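One structure is given here, and the rest of the page talks about it.
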Protein chains: 2
Amino acid sequence: MSPNLDRTFAALADPTRRAILARLALGQASVTELAEPFAISLPAISRHLKVLERAALISRAAEGQFRPCALTADPLRQASDWLDHYRQFWNQSLDRLAEHLERTTPKEGPRHDRPNRRRPSPGRNRN
Amino acid sequence: MSPNLDRTFAALADPTRRAILARLALGQASVTELAEPFAISLPAISRHLKVLERAALISRAAEGQFRPCALTADPLRQASDWLDHYRQFWNQSLDRLAEHLERTTPKEGPRHDRPNRRRPSPGRNRN
DNA sequence: CTTTTATTTAACCTATTGGTTAAATAGTCG
DNA sequence: CGACTATTTAACCAATAGGTTAAATAAAAG
C-alpha cells in the first residue's frame with residue numbers, strides 16, 4: 001500500500017539510524033564522520049546509510065573520495081503527517097488525564113503537567 | 001537507548017498494523033473484527049496485535065471470550081515528538097525548494113550540470 | 001607507481017519477522 | 001456435557017535485518 005511509510009518507519013526503528021539522522025540535522029557529514037560515535041564496524045554503518053537512502057531519508061553526493069550524506073526531510077514530514085491523524089486522539093487522552101488529575105489531585109504544587117504545549121487541535125500551520 | 005521508540009517505529013513499519021491502528025481509531029474492536037478486512041490468517045493477526053501491544057500502541061481487555069483492543073495513543077505522541085525535532089528542517093527544505101523554483105521557473109538560469117556519475121537527487125524522490 | 005584513506009561489496013552467521021497450518025485453551029450456549 | 005466461537009500457542013518455513021571480517025574499488029597523496 002504505502003511502501004514509503006513502510007520504509008520510513010522501518011528506517012526509524014533503529015537507534016543507530018535515528019542517531020545518524022540527528023547528527024545529519026546538524027549538517028552534512030561523511031561516512032567516516034558519521035561512524036565515529038558508534039562501536040560498530042564501518043560496513044555496518046554503510047548498510048545503515050543504505051537503508052536510510054532507500055527510505056529517501058538521506059541523499060548522498062560524490063565529492064572526491066567522500067560520499068557526504070545530507071538529511072532529506074520530506075519522508076519525515078510524511079511520517080509526521082500520518083501520525084497527525086491520531087493527534088486528536090491523544091489530545092483527547094491527555095484531556096482525560098488532566099481531568100482525572102483535576103478530580104483526584106487537590107492542589108499539591110505543580111506536578112509534571114504541561115498543558116498542551118502543542119497546537120491544541122489538528123489545525124496547524126506548517127508551511 | 002530508547003527501546004520505546006524502537007518498538008513504536010518498528011510496529012508502525014507494517015501496513016497491516018497501521019491499518020489496524022486506523023481501524024482502532026474509530027473505536028474498540030475484537031480480534032476477529034480486526035482480522036476481517038485482511039487476507040491473512042487469524043494467528044497472523046494475533047501476532048500483529050502482540051507486536052502492537054508490546055509497543056504499547058494498543059491495550060487489551062478480557063470481556064468474556066473476546067479480547068477487545070483499544071488504541072493507546074501515547075507512543076504515537078512520543079513518535080510525533082521525536083519527529084518534531086526535524087520539523088524546522090523540513091520547513092526550511094520547503095523554503096529552499098520554493099526559493100529554487102523561484103529562481104529556476106521564470107527564466108532559465110545557468111545550469112551547473114557537472115558530469116557527475118551520481119547526482120544527489122535534490123528534489124523529489126522517484127518512487 | 002605505490003601507498004594511504006574512504007567507502008563499498010562479498011561471504012557468512014544468527015536472530016527476528018511475517019506468514020502458514022494444526023492443535024490447544026477458554027468462554028458461551030443448547 | 002458437548003458443540004460452537006474466539007483467540008492463542010506450537011511447529012515450521014522463507015526472507016530480512018544487523019552484525020562480523022576480508023577483500024575490492026576509487027580517489028588522493030607521496
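The model shown is predicted, which means the values in this text are computed figures rather than measured ones. Residue numbers start from 1 in every chain, and the chains themselves are labelled A, B, ... in the order their sequence lines are given, proteins ahead of strands.
With hydrogens and angles disregarded, a donor-acceptor distance shorter than 3.5 Å links the side chain of B/E33 to the backbone of B/S30. In terms of modelled atom types and a separation under 3.5 Å, the side chain of B/Y86 and the main chain of A/L71 share no donor-acceptor contact.
Atom C1' of nucleotide D/dT8 and atom CG of B/L34 are separated by 15 Å, given to the nearest angstrom. Across the protein-nucleic acid pair, B/E33 atom CD and D/dT7 atom C1' stand 13 Å apart, rounded to whole Å. With rounding to whole Å, A/F38 atom CZ is found 18 Å from D/dT20 atom C1'. The CD1-C1' distance, from A/I20 to D/dG18, rounds to 13 Å in whole Å. For the pair A/I45 CD1 and D/dT20 C1', the interatomic distance rounds to 13 Å; values are reported in whole Å. Going from atom NZ of B/K50 over to atom C1' of D/dT9 covers 7 Å, rounded to whole Å. In this structure, the CD atom of B/E36 is 16 Å from the P atom of D/dT5, given to the nearest Å.
The shortest distance between the side-chain N/O atoms of A/S46 and the OP1/OP2 oxygens of C/dT7 is not below 4.0 Å. In this model, the phosphate group of D/dA6 is not approached by any side-chain N or O of B/R67 to a distance below 4.0 Å at OP1 or OP2. Residue A/R54 places none of its side-chain N or O atoms closer than 4.0 Å to OP1 or OP2 of D/dT16.
Contact detail for A/P75 and A/T8: the closest heavy-atom pair is CB-OG1, 3.7 Å. Shortest non-hydrogen contact noted between A/L34 and A/C69 is CD1-SG, 3.9 Å.
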Side-chain donor-acceptor pairs of residues 38-66 of chain B under 3.5 Å, sequence neighbours excluded:
unit_1 : atom_1 : unit_2 : atom_2 : d
B/S41  : OG     : B/A44  : N      : 3.4
B/H48  : ND1    : B/R17  : NH1    : 3.1

* Asked: For every nucleotide of nucleotides 15-30 of chain C, 5' to 3': is a protein heavy atom under 4.0 Å from its base (B), only from its sugar-phosphate (S), or from neither (-)?
  -> ---BBBBB----BS--
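Using cut-offs of 30° and 60° for the angle between ring planes, the A/W82 and A/F9 rings count as perpendicular.
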